[in-house]
Asks: 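I have a structure I would like to understand better, so I am pasting it below and will then ask my questions one at a time.
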Amino acid sequence: MKKTRNRKLPGNSQWQWKNLIGLLPFFLFIAFFLVMPSLTLFSGAFQDVDGHFTLANFSFLQNTFALKSYLTSVWVSLITSVIGGVFGFFVAYAITAERAPRWMRNVLTTFSGLAANFGGVPLAFAFIATLGRTGFITALLKGICFNGAGGTTICPFNPYEHGFNLYSVTGLILAYTYFQFPLMVLTITPALEGLKREWSEASANLGSSSSQYWRYVALPVLWPSLLGATILLFGNAFGAYATAQALTGGSIYLVTIMIGQQIRGDVLGNPNEGYALAFGMVVIMSITIFLYVMLQRKTTRWIKS
Amino acid sequence: MKTQKKNTWAIFWAVLAMLYFFVPMLGTFIFSLRMKRGVLSFQAYQSVLADSRFLESFRYSATMGIITVLVSVLLLLPTVYWIYVKVPWMRPAMDIITILPFVVPVIVLVFGLIRTFGRPPFQLTLTTFGTDILMTAGYVIITMPYMYRAIDVGMRSMDVRTLTEAAQSLGSNWFQVLTQVILPNLRIAVLSGALICFATVMGELILADFLVRPALGSYMAGIGRSKAYEPAALAIISYGLTWVCLGLIQYFSRGSQEQQLTGR
Amino acid sequence: MAQLELTNITKSFGGTIAVQNFNLAIETGEFISFLGPSGCGKTTTLRMVAGFEIPTSGTVTLDGVDLTNLPPNKRNMGMVFQSYALFPNMTAAQNVGYGLKVAGKPKDEIDQRVDEMLELIQMRDFSRRYPNQLSGGQQQRLALARSLAIRPKVLLLDEPLSALDAKIRLELRQEIRRIQRQLGITTIYVTHDQEEAFSLSDRVVVMSRGLIQQVDTPIQIYNHPASDFVAEFVGHINLLPVEVAQAKEGLVRLGSQLIRAGQFEHLNGRPVRLAVRPEELKSGFAEGANNLTGKIESVTYLGAIVRVHVDVDGHLVSLEMFNERSLNIPAVGQPYQINFPVEACWLTNGEKE
Ligand SMILES: Nc1ncnc2c1ncn2[C@@H]1O[C@H](COP(=O)(O)OP(=O)(O)O)[C@@H](O)[C@H]1O
Ligand SMILES: [Mg+2]
């Protein structure tokens with residue numbers, strides 16, 4: 001790449017810019033359908049109803065309702081990316097280096113691809129059919145009954161009598177994990193495969209225990225990938241809308257759900273506050289993706305050299 | 001002894017993961033068979049398949065999926081090709097630009113699209129045709145990260161510049177090079193990008209719901225509000241659909257590996 | 001008593017037997033090479049010594065202690081891998097100090113030893129570099145220092161030079177020998193390169209298909225190979241199909257020409273081949289030696305060596321001579337007379353390995 005640049009540099013860097021003309025359709029498309037809509041929202045976020053500049057729209061941050069939606073979204077995304085990340089990491093660990101039987105590895109690789117792409121409404125349906133009030137597993141657990149004292153029947157395993165509720169944040173976390181951990185498996189497996197067997201052997205040969213190997217070698221080497229993958233999971237959950245909508249009917253106020261309601265009927269009572277809400281999401285996503293790109297760069301640099 | 005212990009843990013996590021995969025799936029499947037009281041039957045599926053709105057929305061989404069794939073390929077293939085041949089120094093920048101759709105969550109994108117194109121001077125949302133244009137554009141944006149990467153990876157694995165020069169030296173023009181040399185070599189990459197793209201469009205809810213078009217996603221959401229067993233059947237059907245798309249990707253990319261091996 | 005003893009070691013992976021009936025006693029300070037073609041079981045044997053593989057049967061003892069089932073991290077052996085296996089996230093100094101760090105040694109002891117080791121491999125200036133900022137040769141030297149830093153009882157090297165280019169390989173070879181001598185450490189060196197094995201080792205173990213073919217000093221292995229396999233694997237050799245002419249006189253016939261080859265009772269009357277190294281053959285006639293006449297088939301200049309193929313009654317015989325100025329080799333197709341001492345050749349039963 002550098003070579004090309006150097007070869008063509010003498011006197012005609014303009015020629016280089018002319019070459020960008022072939023990218024015009026692409027950039028026009030992006031400008032129309034990504035940049036323009038975003039700008040509409042951004043400028044709206046900083047304007048009042050009459051079009052004057054204002055920061056007042058961000059006063060929604062004082063509106064506990066809106067603020068809480070941010071907190072819920074961040075919380076759900078964080079917790080599912082950590083749970084999904086840790087779980088996915090162990091699963092990826094199991095399917096690399098021939099640790100689990102071959103058929104299990106095949107099943108897990110295939111299903112990770114499937115589950116990571118399986119979200120939205122059908123996922124919510126699946127969880128309702130399984131763990132909802134009348135769901136299959138709920139019914140199974142409910143049906144385990146014993147004869148208690150005095151001829152009463154005790155059914156101690158009904159999850160709904162122990163505070164479990166699928167149509168809540170807990171249920172949402174359960175459902176999100178279904179696509180979060182497979183995504184972790186898909187993103188972290190290449191990094192795990194990059195751990196050379198010789199490293200663990202060299203480490204053992206030098207007298208380290210297996211936990212010392214993980215602490216001093218494997219985890220430090222994996223760290224950028226692990227962090228990067230977790231950030232990806234965060235973004236994945238943060239932008240999700242359909243599963244939450246279908247699972248809870250919009251009764252859990254995630255930012256995405258709030259925005260949805262704002263589009264439908266201006267629940268905030270001020271369209272520009274809706275823009276500010278959306279703008280905040282983009283800011284948070286930009287930060288996460290920026291971190292992701294930076295870490296990704298670092299990882300690839302390491303692996304390459 | 002040590003390896004044995006390690007394997008026990010690996011198997012533990014593997015089994016746990018498989019339970020997580022299969023229990024909801026199995027639960028959903030069995031639940032979907034229980035529409036008729038007391039017996040297992042496929043009535044929920046019959047009911048879904050007999051619903052004309054289902055077929056309509058399925059046809060609509062499939063059509064949108066195909067259109068999206070076509071537009072996406074037409075837009076991105078020449079772009080990526082151009083980058084490889086003419087402006088390779090743009091590649092890092094493109095990597096970042098094509099990740100941008102991740103930065104703008106779909107709900108925000110829809111919000112922006114509606115507020116931008118629903119008003120003068122565009123007013124696209126006034127007609128169904130205009131709305132469909134907006135839908136397609138939205139889908140192309142949403143699926144761009146996948147499609148771009150698929151094509152980019154495919155392009156990287158062949159020496160585009162040399163191939164182009166070779167073809168040109170034999171008298172081909174740009175269009176011929178692209179359609180007769182590059183595209184055949186990119187078949188598999190484009191196909192796997194296309195299938196992911198298609199699967200995404202088939203399951204998408206937000207765009208269709210807010211632009212009020214009769215797509216599969218909004219049909220499903222509607223069913224979910226009003227019925228009990230049909231949603232389970234729909235979940236299984238859409239599992240199957242995703243499965244088929246991914247299975248096809250795997251099938252085709254396996255074929256390409258074999259080709260490579262024998263080619264050497 | 002030998003320091004390291006491998007007794008009756010066998011290792012099979014599923015159906016395939018990688019190493020079979022391996023017996024070897026290694027003295028303290030000895031430099032031993034395992035030499036053999038790829039896939040003959042050298043690495044597997046070395047890994048059993050290091051503890052990465054557990055023998056299917058047999059024992060490994062070090063200083064009289066059985067460590068067959070001891071995990072690798074309890075064995076105190078230093079291993080150097082073909083791919084260096086340096087930890088990419090640690091600097092040169094951290095790599096070298098790793099073994100001491102995990103052993104919980106105090107920091108100043110680690111620092112001192114690291115310094116000492118980097119000095120030994122003449123890389124003190126590179127202590128803060130990461131492995132990816134070092135050349136292949138430097139990385140392998142670092143790997144050597146890292147394995148020596150824990151003061152291992154035995155040093156194990158698995159084709160340590162194979163990934164390097166020719167010139168560095170030669171340099172590093174001498175460095176390994178120097179360091180080994182300086183520290184007096186017992187060393188096992190795995191290689192498929194005969195020159196490496198010969199130039200470094202006190203004794204060489206030649207292996208083929210999981211079996212030891214011969215264990216001896218380099219000179220003995222070269223001059224008195226125990227089998228056709230060893231003779232062919234080590235250096236070049238002519239193996240010429242001959243017929244027994246007069247058993248009592250020890251005479252055989254190559255084509256129509258007689259060769260005196262000494263005793264051959266051990267051959268049990270099977271088809272016979274005559275073995276003679278190309279460098280033993282001279283041009284011209286010599287009294288008391290075996291003399292053959294033939295035609296020049298080809299002449300190849302390899303630099304210091306000239307290789308001549310001579311067609312003797314339909315059999316190709318190869319000669320290797322120093323490329324001296326006085327050398328005067330006739331053109332291809334010309335008649336050519338060659339000779340070799342009777343002691344330089346021997347007969348084998350012609351079983352091709
Ligand atoms: N982990 C293993 N599983 C199965 N077969 C193996 C394994 N390791 C080595 N082998 C087999 O054992 C034989 C000897 O291998 P190796 O010791 O690596 O040979 P060398 O180092 O001499 O080239 C080979 O045939 C190889 O295929
Ligand atoms: Mg080997």
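Quantities reported herein were computed from a predicted structural model and do not represent experimental measurements.
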Asks: Out of B/Phe21, B/Tyr81, B/Phe31, which one racks up the most heavy-atom pairs below 4.5 Å with chain A?
Replies: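 Highest number of pairs under 4.5 Å: B/Phe21.
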
Asks: What part of B/Thr98 gets within 4.5 angstrom of chain A, counting heavy atoms only: side chain, backbone, both, or neither?
Replies: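 B/Thr98 touches chain A through side-chain heavy atoms alone.
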
Asks: Hey, do the aromatic rings of B/Phe12 and A/Phe90 have their centres closer than 6.0 Å?
Replies: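 No, the ring centres sit 6.0 Å or more apart.
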
Asks: If you count heavy-atom pairs within less than 4.5 Å of chain B, which of A/Pro25, A/Gly260, A/Ser286 leads?
Replies: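 Maximum pair count with chain B is reached by A/Gly260.
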
Asks: Count the heavy-atom pairs under 4.5 Å between each of B/Trp243, B/Tyr239, B/Phe22, B/Phe117 and chain A, then report the option with the highest count.
Replies: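 Option with the top pair count is B/Tyr239.
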
Asks: Among B/Val110, B/Thr116, B/Leu76, who wins on heavy-atom pairs under 4.5 Å with chain A?
Replies: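 Top option by heavy-atom pairs under 4.5 Å: B/Thr116.
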
Asks: Could you please state which residues from residues 121-128 of chain A sit under 4.5 angstrom from chain B, measuring non-hydrogen atom to non-hydrogen atom, sorted by number, or 'none'?
Replies: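 So the qualifying residues are A/Val121, A/Pro122, A/Phe125, A/Ala126, A/Phe127.
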
Asks: Can you check side chain to side chain contact (heavy atoms under 4.5 Å, CB included) on A/Phe27 and B/Thr79, steps first, answer last?
Replies: CA-CA 10 Å; A/Phe27 280 122; B/Thr79 303; over 6 Å; no

Asks: Is B/Leu134 close to A/Phe33 at the side-chain level, that is, under 4.5 Å between some pair of heavy atoms?
Replies: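 The answer is yes; the side chains approach within 4.5 Å.
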
Asks: Which residues in residues 234-242 of chain A have any heavy atom lying under 4.5 Å from a heavy atom of chain B?
Replies: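 Expected list: A/Gly239, A/Tyr241, A/Ala242.
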
Asks: Supply the atom-to-atom distance B/Ile30 CD1 to A/Leu140 CG, rounded to the nearest 0.5 angstrom.
Replies: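 Nearest 0.5 Å value for the CD1-CG distance: 8.0 Å.
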
Asks: Considering only heavy atoms, give the residues of residues 140-152 of chain B separated from chain A by less than 4.5 Å, sorted numerically, with 'none' for an empty result.
Replies: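 Listed by number, the contacting residues are B/Val140, B/Ile141, B/Met144.
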
Asks: Hey, does A/Ile21 have a side-chain heavy atom less than 4.5 Å from the side chain of B/Trp82?
Replies: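 When only atoms from C-beta onward are counted, A/Ile21 and B/Trp82 do touch, with a gap below 4.5 Å.
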
Asks: Mind checking whether B/Phe111 and A/Tyr275 have side chains closer than 4.5 Å, heavy atoms only?
Replies: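 Yes; the side chains approach each other to less than 4.5 Å.
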
Asks: Need one label for A/Ser38: side chain, backbone, both or neither, based on atoms under 4.5 Å from any heavy atom in chain B.
Replies: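 A/Ser38 touches chain B through side-chain heavy atoms alone.
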
Asks: Among B/Ala14, B/Gly224, B/Ala232, which has the most heavy-atom pairs under 4.5 Å with chain A?
Replies: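 Most heavy-atom pairs within the cutoff with chain A belong to B/Ala14.
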
Asks: Roughly how far, to the nearest 0.5 Å, is CD1 of A/Ile30 from CG of B/Leu75?
Replies: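 These two atoms lie 8.0 Å from each other.
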
Asks: Go through the atoms of A/Thr288 and report whether side chain, backbone, both or neither lie under 4.5 Å from a heavy atom of chain B.
Replies: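 Neither part.
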
Asks: Nearest 0.5 Å please: distance from the NZ atom of B/Lys86 over to the CG atom of A/Leu20.
Replies: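 Answer for the NZ-CG pair, B/Lys86 versus A/Leu20, is 11.5 Å.
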
Asks: Do B/Ser238 and A/Phe118 have side chains that get closer than 4.5 Å, going by heavy atoms?
Replies: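 A side-chain contact under 4.5 Å exists here.
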
Asks: Given a strict heavy-atom distance threshold of 4.5 Å, which part of B/Leu205 is in contact with chain A: side chain, backbone, both, or neither?
Replies: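 Only the side chain of B/Leu205 comes within 4.5 Å of chain A.
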
Asks: Given that the side chain runs from C-beta out, which part of A/Phe42 has a heavy atom under 4.5 Å from chain B: side chain, backbone, both or neither?
Replies: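 For A/Phe42, neither part sits under 4.5 Å from chain B.
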
Asks: Could you check which of B/Gly138, B/Cys245, B/Ala235 has the highest count of heavy-atom pairs closer than 4.5 Å to chain A?
Replies: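 Highest number of pairs under 4.5 Å: B/Ala235.
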
Asks: What part of A/Leu41 gets closer than 4.5 Å to chain B, counting heavy atoms only: side chain, backbone, both or neither?
Replies: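 Side chain of A/Leu41 only, per the 4.5 Å heavy-atom cut-off to chain B.
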
Asks: Does anything in residues 175-186 of chain A reach chain B? List residues with heavy atoms under 4.5 Å apart, or say none.
Replies: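 Heavy-atom contacts from residues 175-186 of chain A to chain B are A/Thr177, A/Tyr178, A/Phe181, A/Pro182.
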
Asks: Apply the test side chain to side chain contact (heavy atoms under 4.5 Å, CB included) to residues A/Phe111 and B/Leu246: give CA-CA distance (whole Å), side-chain angles for both, the deciding distance (0.1 Å), then the verdict.
Replies: CA-CA 10 Å; A/Phe111 272 83; B/Leu246 291 175; over 6 Å; no

Asks: Begin with the C-alpha distance, continue with both residues' side-chain angles, and end with the deciding distance and a verdict on side chain to side chain contact (heavy atoms under 4.5 Å, CB included) for A/Gln262 and B/Ile107.
Replies: CA-CA 11 Å; A/Gln262 177 71 11; B/Ile107 188 86; over 6 Å; no

Asks: Where does A/Ile137 contact chain B at under 4.5 Å (heavy atoms): side chain, backbone, both or neither?
Replies: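 A/Ile137 touches chain B through side-chain heavy atoms alone.
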
